[in-house]
There are 2 protein chains.
Amino acid sequence: MKIENTKAQMRKGLLELCILSLLAQKDAYVSDLIFDLKQSQMIVVEGTLYPLLTRLKNAGLLNYRWEESKTGPPRKYYGLTDEGKKVQQELLQSWDELHQAIDHIIHAKPRTNLK
Amino acid sequence: MKIENTKAQMRKGLLELCILSLLAQKDAYVSDLIFDLKQSQMIVVEGTLYPLLTRLKNAGLLNYRWEESKTGPPRKYYGLTDEGKKVQQELLQSWDELHQAIDHIIHAKPRTNLK
DNA sequence: TTAAGGTACTTTGTATTGCATAGTACCTAA
DNA sequence: TTAGGTACTATGCAATACAAAGTACCTTAA
């Protein structure tokens with residue numbers, strides 16, 4: 001559906017900020033992240049997160065360690081690098097500017113026609 | 001630059017909402033829109049807006065009329081169709097949900113590790 | 001010991017849109 | 001008639017969310 005498609009477009013660029021923000025608070029593996037995102041009404045699936053995490057790790061923003069699990073295979077726990085923390089702050093700033101801009105546009109009063 | 005690139009990604013899907021919202025208030029042509037967006041600290045150029053407006057018109061959300069100008073060529077003034085108004089409201093709802101989700105994620109307290 | 005189910009991860013290709021750029025056309029003024 | 005400014009058209013690229021198919025590891029049961 002069109003609106004669903006636009007919602008997916010809206011998440012472009014913002015999902016990275018969400019992931020970095022969650023990992024700024026605490027190391028996590030993919031199921032943790034999916035759970036936390038869901039708590040905030042952001043529904044994302046594994047097929048989206050694994051490639052994103054790989055991309056962020058390759059960009060030097062994340063590191064990971066393997067941790068045994070009692071219930072299944074070992075898990076990859078991701079955490080932020082120092083660079084990741086820096087980029088997370090920068091993206092927060094970008095997000096702040098963006099959403100203020102959008103709120104301003106959405107709630108703007110009709111401009112007077114001075115032309 | 002990486003942050004600039006991510007900012008562009010963040011605008012995906014949101015620019016449509018901005019344009020529909022501006023046109024919900026008042027018909028406009030491209031320079032009007034660029035000006036209004038700039039007032040809200042959203043910098044967008046013509047090469048971005050013309051294709052977007054064409055896409056929205058072809059999707060049935062906009063209509064336009066030509067208006068003579070005293071200073072140059074005629075201008076295309078865009079306005080919302082009824083369908084456009086409806087979609088604008090739906091996108092507003094999507095935006096509201098998205099930004100609440102993101103704010104929730106950004107400001108979440110670290111979860112307790114109950115596992 | 002083997003097999004099945006569950007969990008975790010990898011890989012790949014598609015769809016979509018913001019953006020940049022090159023080009024065309026119309027208008028006014030000199 | 002020409003040049004500059006304004007307005008618009010067209011096209012292709014880059015980047016990411018997503019879907020889907022696949023592989024691998026672990027536990028449990030037979």
Side-chain angles (χ1 to χ4, degrees), chain A residues 1-20 28-35 37 42-59 61-62 64-78 91 94 98 101-102 115, chain B residues 1-20 28-35 37 42-59 61-62 64-78 91 94 98 101-102 115:
Chain A
M1 184 204 287
K2 173 67 165 70
I3 296 292
E4 289 308 308
N5 174 57
T6 306
K7 281 178 163 177
Q9 292 299 334
M10 284 177 171
R11 288 194 287 272
K12 281 180 190 265
L14 293 172
L15 201 49
E16 175 176 345
L17 169 60
C18 292
I19 295 302
L20 293 181
Y29 83 119
V30 156
S31 289
D32 289 336
L33 295 171
I34 288 177
F35 179 83
L37 290 163
M42 170 95 66
I43 310 297
V44 181
V45 298
E46 288 136 340
T48 297
L49 281 195
Y50 283 111
L52 173 55
L53 289 166
T54 302
R55 195 163 65 248
L56 295 177
K57 176 183 62 69
N58 291 342
L61 309 186
L62 301 185
Y64 68 85
R65 60 182 163 76
W66 285 99
E67 184 170 300
E68 298 292 312
S69 160
K70 291 190 173 54
T71 61
R75 301 165 172 171
K76 254 179 176 174
Y77 274 85
Y78 288 90
L91 291 183
S94 296
L98 178 70
I102 292 170
K115 291 192 304 302
Chain B
M1 186 207 287
K2 172 69 166 69
I3 295 293
E4 288 307 309
N5 175 58
T6 304
K7 279 178 164 179
Q9 292 300 333
M10 283 177 172
R11 288 194 284 272
K12 280 183 191 264
L14 292 172
L15 201 50
E16 176 177 343
L17 169 60
C18 292
I19 295 303
L20 293 180
Y29 82 120
V30 157
S31 289
D32 288 336
L33 295 173
I34 289 177
F35 178 84
L37 291 165
M42 170 95 66
I43 311 298
V44 182
V45 296
E46 289 136 340
T48 296
L49 281 194
Y50 282 111
L52 172 56
L53 289 166
T54 301
R55 196 165 64 245
L56 295 176
K57 177 184 61 69
N58 291 344
L61 309 186
L62 301 184
Y64 69 84
R65 58 183 163 78
W66 285 98
E67 185 171 298
E68 298 292 310
S69 161
K70 290 191 173 54
T71 61
R75 300 165 173 170
K76 254 179 177 175
Y77 275 86
Y78 288 91
L91 292 183
S94 297
L98 178 69
I102 293 170
K115 292 193 300 303

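None of the values given here were measured: they were computed from a predicted structure. First the proteins, then the strands, lettered A, B, ... as listed; each starts at 1.
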>> Looking only at the side chain of A:Ala8 (C-beta and beyond, no hydrogens), which of the listed nucleotides D:dA7, D:dA17, C:dG18 gets closest?
In response: D:dA17
> Between C:dA8, C:dC19, C:dG18, which one does the side chain of B:Val44 approach most closely?
Replying inline: C:dC19
What pairs of nitrogen or oxygen atoms, one from the protein and one from nucleotides 20-23 of chain C, lie under 3.5 Å apart?
residue	atom	partner	partner atom	Å
C:dA20	N6	B:Gly47	O	3.1

> In Å, rounded to the nearest 0.5 Å, how long is the span from CG of B:Leu14 to CD of A:Gln9?
Replying inline: 10.0 Å
> To the nearest Å, how far apart are A:Leu14 CG and D:dC18 P?
Replying inline: 11 Å
>> Tell me the interatomic distance from B:Ile34, atom CD1, to C:dG18, atom P, rounded to whole angstroms.
In response: 14 Å
> If you round to the nearest 0.5 Å, how far is CD1 of A:Ile19 from CG of A:Leu37?
Replying inline: 5.0 Å
> Under 4.0 Å between a side-chain N/O of B:Tyr29 and OP1 or OP2 of D:dA7, yes or no?
Replying inline: yes
>> Rounding to an integer number of Å, can you tell me how far B:Leu53 CG sits from D:dT9 P?
In response: 9 Å
>> With side chain to side chain contact (heavy atoms under 4.5 Å, CB included) as the test, pick out the partner of B:Leu62 among B:Leu52, B:Leu53, B:Thr54.
In response: B:Leu53
>> Can you work out whether A:Lys7 or A:Pro74 has the more 5'-proximal nearest nucleotide on DNA chain D?
In response: A:Lys7
> In Å and rounded to the nearest 0.5 Å, what is the CE to CD1 distance from A:Met10 to A:Ile3?
Replying inline: 7.5 Å
> In terms of side-chain heavy atoms of A:Lys76, which of D:dA17, C:dT10, D:dG5 is nearest?
Replying inline: C:dT10
> In whole angstroms, how far is the P atom of D:dC8 from the CD atom of B:Glu68?
Replying inline: 12 Å
> Is the shortest side-chain N to carboxylate O distance from A:Glu68 to A:Lys70 below 4.0 Å?
Replying inline: no
> Among C:dC9, D:dC8, D:dA17, which nucleotide sits nearest the side chain of A:Val30?
Replying inline: C:dC9
> Any side-chain N or O of A:Arg11 under 4.0 Å from OP1/OP2 of D:dA17?
Replying inline: no
